[in-house]
Engineer: 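This structure is in structure tokens; I'll ask about it shortly.
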Amino acid sequence: MAIITISRAAFSGVEALAEALAGELGYRLYSREELLSDAAREFNALQSELESALIHKPGLLEGRGLKKLRFVQCARATIAKAVRGDDMVYHGEAGHLLLGPLAHHLRVRAVVPNDARVANAMARCDMTRERATRYVAELDEKRSHWVKWMHGVDMNDPHSFDLMVNLGRIPAPSAMRLIVDTVRRDFRTTPESQKALDDLALQSEIRARVGVDEGIPDDRLDVVADGGIVTIRTTARFMADVSKIGAIAKQVAGVTEVRSALKE
């Protein structure tokens with residue numbers, strides 16, 4: 001089985017495609033809105049702040065954006081936990097980047113003509129065409145800056161995806177069949193890819209739980225999970241925090257051992 005993430009720009013209207021995919025494959029359906037809601041509940045955070053952290057790069061007064069980075073870790077931990085059982089279609093921004101190129105993760109980019117997106121914005125937000133055009137462009141610019149800041153790549157870089165589908169040229173039923181055929185033929189869980197996902201879920205949850213403790217400078221540490229063994233790497237200056245981080249890590253289900261090491 002596999003995981004499918006469908007990345008789409010704002011007002012693309014690909015929810016129907018995601019629903020059809022999930023129905024055809026018998027997969028669970030998971031949206032960006034559900035991800036934000038689950039992350040807010042799991043980490044006792046404001047959903048509005050989580051949403052902002054997945055759209056906006058830090059402002060001039062936010063420095064390196066540590067608070068936003070912590071919220072991104074919360075989102076990564078939530079989606080990694082949600083997809084551990086495979087058989088899921090996720091639709092929304094950033095899913096392909098939060099999970100990365102796992103062997104059983106099909107990363108789809110759904111491209112929709114800008115005119116259609118503007119029309120969707122007009123209908124959903126009761127805007128004039130001129131205002132909707134500006135709004136869509138502003139959202140694209142903000143998300144492009146965020147992806148560059150957070151992941152160091154262009155939002156539309158084809159190398160970030162396994163399959164790009166132009167819904168302005170390919171009808172939705174044909175696009176669905178293309179995705180279904182691709183995932184069934186070329187994307188399935190292996191013991192190695194499942195372990196990679198389990199490790200990602202574990203280290204992401206630890207990073208998120210450390211992050212909500214604002215007294216720990218978590219931007220100075222790396223957390224690596226390997227089959228239940230967690231290694232915390234930080235600089236000599238922040239080694240005093242390792243015991244506190246270790247105590248947090250030991251409370252996370254699946255952790256069997258915690259080690260510490262100096263970052264090179």
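Just so we're clear, the structure is a prediction, and the values are computed from it rather than from any experiment.
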Engineer: Which residues satisfy the side chain to side chain donor-acceptor pair (under 3.5 Å) test with Lys195, sequence neighbours excluded?
Structural biologist: Asp199, Asp226
Engineer: Do Asn120 side-chain atoms and Phe11 backbone N/O form a donor-acceptor pair below 3.5 Å?
Structural biologist: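 Side chain of Asn120 to backbone of Phe11: a pair is present.
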Engineer: Examine Leu99 and Val153 and state if one hydrophobic cluster contains both, with Ile, Leu, Val, Met, Phe, Trp and Tyr joined whenever side-chain heavy atoms are less than 4.5 Å apart.
Structural biologist: yes
Engineer: Under the 3.5 angstrom rule, does the side chain of Gln203 hit a backbone N or O of Val224 as a donor-acceptor pair?
Structural biologist: no
Engineer: About how many Å separate CG of Leu197 and OG1 of Thr189, when rounded to the nearest 0.5 Å?
Structural biologist: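 CG of Leu197 is found 8.5 Å from OG1 of Thr189.
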Engineer: Check for me, please, whether Trp149 and Leu97 land in the same ILVMFWY cluster - side-chain distances under 4.5 Å, paths through other members count.
Structural biologist: yes
Engineer: Supply the atom-to-atom distance Leu35 CG to Glu42 CD, rounded to the nearest 0.5 angstrom.
Structural biologist: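 Reported value, rounded in 0.5 Å steps: 12.0 Å.
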Engineer: Any carboxylate oxygen within less than 4.0 angstrom of a Lys/Arg side-chain nitrogen, looking at Asp198 and Arg84?
Structural biologist: yes
Engineer: Give the minimum heavy-atom separation between Ala82 and Arg28, together with the two atoms involved.
Structural biologist: O-NH1, 3.1 Å
Engineer: Do Ile79 and Val83 have side chains that approach each other closer than 4.5 Å (heavy atoms only, starting at C-beta)?
Structural biologist: yes
Engineer: Using salt bridge (charged side-chain N to carboxylate O under 4.0 Å, His left out) as the criterion, list what pairs up with Asp126, not counting sequence neighbours.
Structural biologist: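 With neighbours one apart ignored, the set is empty.
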Engineer: State, to 0.1 Å, how close Gly95 and Tyr90 come at their nearest heavy-atom pair, and which atoms those are.
Structural biologist: CA-CE2, 3.6 Å
Engineer: Can you find a pair of side-chain heavy atoms, one from Val72 and one from Trp146, that are under 4.5 Å apart?
Structural biologist: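 SC-SC contact between Val72 and Trp146 confirmed.
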Engineer: How about Thr231 and Arg259: does a side-chain donor come under 3.5 Å of a side-chain acceptor?
Structural biologist: no
Engineer: Which heavy atom of Val242 sits nearest to which heavy atom of Ser260, and what is that distance?
Structural biologist: CG1-CB, 3.4 Å
Engineer: Within this structure, what is the CD-CG distance for the pair Gln73 and Leu69, rounded to the nearest 0.5 Å?
Structural biologist: 7.5 Å
Engineer: So if you build clusters from Ile, Leu, Val, Met, Phe, Trp, Tyr with side-chain heavy-atom gaps below 4.5 Å, do Met155 and Val136 land together?
Structural biologist: no
Engineer: Quick one: which residue pairs count as a salt bridge (charged side-chain N to carboxylate O under 4.0 Å, His left out) with a foot in residues 163-179, not counting sequence neighbours?
Structural biologist: Glu24-Arg177, Arg177-Asp181
Engineer: Which ILVMFWY residues are connected to Phe187, directly or by a chain of links, through side-chain heavy atoms under 4.5 Å apart?
Structural biologist: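 Taking Ile, Leu, Val, Met, Phe, Trp and Tyr as members, Phe187 shares its hydrophobic cluster with Met1, Ile4, Ile6, Val14, Leu17, Leu21, Leu25, Tyr27, Leu29, Val89, Leu106, Val108, Val112, Leu163, Val165, Leu167, Ile170, Met176, Leu178, Ile179, Val180, Val183.
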Engineer: Given side-chain contact (heavy atoms from CB on, under 4.5 Å), test Arg107 with Ser7 step by step and report yes or no.
Structural biologist: CA-CA 8 Å; Arg107 301 167 297 172; Ser7 173; over 6 Å; no
Engineer: Could you measure the distance from the OG atom of Ser243 to the CD1 atom of Ile248? Nearest 0.5 Å is fine.
Structural biologist: 10.0 Å
Engineer: Could you grab the distance from atom SG of Cys74 to atom CG of Asp38, nearest 0.5 Å is fine?
Structural biologist: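 The CG atom of Asp38 is 12.5 Å from SG of Cys74, to the nearest 0.5 Å.
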Engineer: Would you call Val255 and Leu202 a side-chain contact if the rule is heavy atoms closer than 4.5 Å?
Structural biologist: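 A side-chain contact under 4.5 Å exists here.
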Engineer: Any side-chain heavy atom of Ser52 within less than 4.5 Å of one from Lys68?
Structural biologist: yes
Engineer: For Glu205, check side chain to side chain donor-acceptor pair (under 3.5 Å) against everything at least two apart and list the hits.
Structural biologist: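 Side chain to side chain donor-acceptor pair (under 3.5 Å) check on Glu205 returns Arg209.
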Engineer: Got a sec, which residues hit ring-ring contact (aromatic ring centres under 6.0 Å, His included) with His96, two or more places apart in sequence or on another chain?
Structural biologist: Phe161
Engineer: Given side-chain contact (heavy atoms from CB on, under 4.5 Å), test Val118 with Arg129 step by step and report yes or no.
Structural biologist: CA-CA 7 Å; Val118 169; Arg129 178 171 294 278; 3.8 Å; yes
Engineer: The criterion is salt bridge (charged side-chain N to carboxylate O under 4.0 Å, His left out); which residues satisfy it with Asp140, sequence neighbours excluded?
Structural biologist: Arg117
Engineer: May I ask you to test the Arg188-His104 pair for a side-chain heavy-atom distance under 4.5 Å?
Structural biologist: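 Of all side-chain heavy-atom pairs linking His104 with Arg188, none is under 4.5 Å.
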Engineer: What's the separation between atom OG1 in Thr78 and atom CZ in Arg41, rounded to the nearest 0.5 Å?
Structural biologist: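 Thr78 OG1 to Arg41 CZ: 9.0 Å, rounded to 0.5 Å.
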Engineer: Scan for side-chain hydrogen bond (donor to acceptor under 3.5 Å, both in side chains) pairs involving residues 9-20, sequence neighbours excluded, and state none if there are none.
Structural biologist: none
Engineer: Considering non-hydrogen atoms only, spot the tightest contact between Gly168 and Asn166 and give its length.
Structural biologist: N-OD1, 2.9 Å
Engineer: Testing the basics here: between Ala132 and Ala121, what is the closest heavy-atom pair and its distance to 0.1 Å?
Structural biologist: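 Ala132 and Ala121 have their closest heavy atoms at CB-CB, 4.0 Å.
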Engineer: Sequence neighbours left out, what passes salt bridge (charged side-chain N to carboxylate O under 4.0 Å, His left out) with Arg76? Give chain and number order.
Structural biologist: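 Partners of Arg76 under the salt bridge (charged side-chain N to carboxylate O under 4.0 Å, His left out) test: none.
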Engineer: List in chain and number order the residues that pass side chain to side chain donor-acceptor pair (under 3.5 Å) with His105, two or more places apart in sequence or in another chain; answer none if no residue qualifies.
Structural biologist: Thr5
Engineer: Run the salt bridge (charged side-chain N to carboxylate O under 4.0 Å, His left out) test against Glu192 and tell me which residues pass, sequence neighbours left out.
Structural biologist: none
Engineer: Who passes side chain to side chain donor-acceptor pair (under 3.5 Å) against Arg134, sequence neighbours left out?
Structural biologist: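 Residues passing side chain to side chain donor-acceptor pair (under 3.5 Å) with Arg134: Glu130.
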Engineer: For Ala249 and Val258, which heavy atoms make the closest approach, and how far apart are they?
Structural biologist: CB-CG2, 4.0 Å
Engineer: Between Glu51 and Arg32, is there a side-chain N and carboxylate O pair less than 4.0 Å apart?
Structural biologist: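 Between Arg32 and Glu51 there is a salt bridge, with a charged N closer than 4.0 Å to a carboxylate O.
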Engineer: Examine Tyr135 and Leu54 and state if one hydrophobic cluster contains both, with Ile, Leu, Val, Met, Phe, Trp and Tyr joined whenever side-chain heavy atoms are less than 4.5 Å apart.
Structural biologist: no
Engineer: Taking Val252 as the starting point, is it possible to reach Ile232 by hopping between hydrophobic residues whose side chains are less than 4.5 Å apart?
Structural biologist: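 Ile232 and Val252: one cluster.
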